[in-house]
Amino acid sequence: MFAAYYMDNARELASNFGAITMRSSGQEVNMTLWFNNQAVHAVPVMTNLWNNARLKLLGYDGAKVQVWNHPLPKTQALLQEEMSGSSQVMTDLTVAITIILAMGFVPASFVVYLVQEKASNGKHQQY
């Protein structure tokens, strides 16, 4: 089902997932497969596109290559860490407290001059 959709829309899918560039020098042909690394399935999709196109160019119209991409299963420890999120909560809390304390010093540095002026009953002359 997906293979038929893919082959019918190969040009549009390839422009979203990557590109194939070819250069030749004499008898040698250099092929570069570009892919979008944010799409996890981009490498198998682009490899499948290239292999199916190569088979058609060689005259094997009935042949096709199928690709499966199954990520490795997560370990039990990783699943528990993702579910609890305790390390992320502590990191977020530390960052929030640090930012709150740091932002307290910025307005305090401006207020020093105002308090000094008020205490000494002097006026700061500005030109």
Side-chain angles (χ1 to χ4, degrees):
M1 180 175 151
F2 180 72
Y5 170 79
Y6 178 71
M7 291 309 290
D8 291 340
N9 300 306
R11 184 177 302 271
E12 180 182 334
L13 291 173
S15 67
N16 292 332
F17 296 137
I20 298 171
T21 57
M22 294 177 59
R23 292 187 183 96
S24 63
S25 58
Q27 295 286 14
E28 186 175 309
V29 176
N30 183 14
M31 188 268 302
T32 305
L33 185 68
W34 303 91
F35 63 93
N36 179 0
N37 66 349
Q38 293 181 351
V40 179
H41 55 281
V43 174
V45 165
M46 292 305 295
T47 306
N48 189 25
L49 175 66
W50 168 249
N51 286 328
N52 284 328
R54 191 169 55 174
L55 283 172
K56 285 189 178 185
L57 285 173
L58 292 174
Y60 299 103
D61 292 330
K64 65 179 179 178
V65 177
Q66 292 183 351
V67 177
W68 289 273
N69 186 13
H70 297 287
L72 294 173
K74 295 182 179 180
T75 64
Q76 190 65 27
L78 184 60
L79 286 172
Q80 286 178 351
E81 182 181 329
E82 285 180 356
M83 294 306 249
S84 67
S86 61
S87 63
Q88 186 64 35
V89 170
M90 290 305 294
T91 303
D92 292 345
L93 185 62
T94 304
V95 168
I97 290 173
T98 303
I99 289 175
I100 288 170
L101 290 175
M103 289 299 123
F105 289 106
V106 173
S109 66
F110 295 117
V111 173
V112 169
Y113 298 109
L114 296 174
V115 171
Q116 184 181 4
E117 251 183 34
K118 188 78 168 177
S120 67
N121 208 11
K123 300 296 177 200
H124 184 74
Q125 253 185 346
Q126 296 180 358
Y127 293 97

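Heavy-atom basis, side chains included; hydrogens, waters and symmetry copies ignored. Sequential numbering from 1 along the given sequence is applied to the chain's residues.
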Run the side-chain donor-acceptor check on residues 98-111: report pairs under 3.5 Å with partners two or more places apart or on a different chain.
{"from": "T98", "atom 1": "OG1", "to": "T94", "atom 2": "O", "distance (Å)": "2.8"}
{"from": "S109", "atom 1": "OG", "to": "V106", "atom 2": "O", "distance (Å)": "2.6"}

Task: Separation between NZ of K56 and CG of L58, rounded to the nearest 0.5 Å - done: 13.0 Å
TODO: Show which residues join L114 in its hydrophobic cluster (side-chain heavy-atom contacts under 4.5 Å, direct or indirect), or state none.
DONE: none
Open item on the list: Please list all pairs meeting salt bridge (charged side-chain N to carboxylate O under 4.0 Å, His left out) that have one or both residues in residues 70-80, counting only residues at least two apart or in different chains.
Closed with: K74-E82
TODO: Enter the distance from N52:CG to T47:OG1 here, rounded to the nearest 0.5 Å.
DONE: 11.0 Å
Task: Contact summary for N48 and V65, nearest pair of heavy atoms - done: OD1-O, 2.6 Å
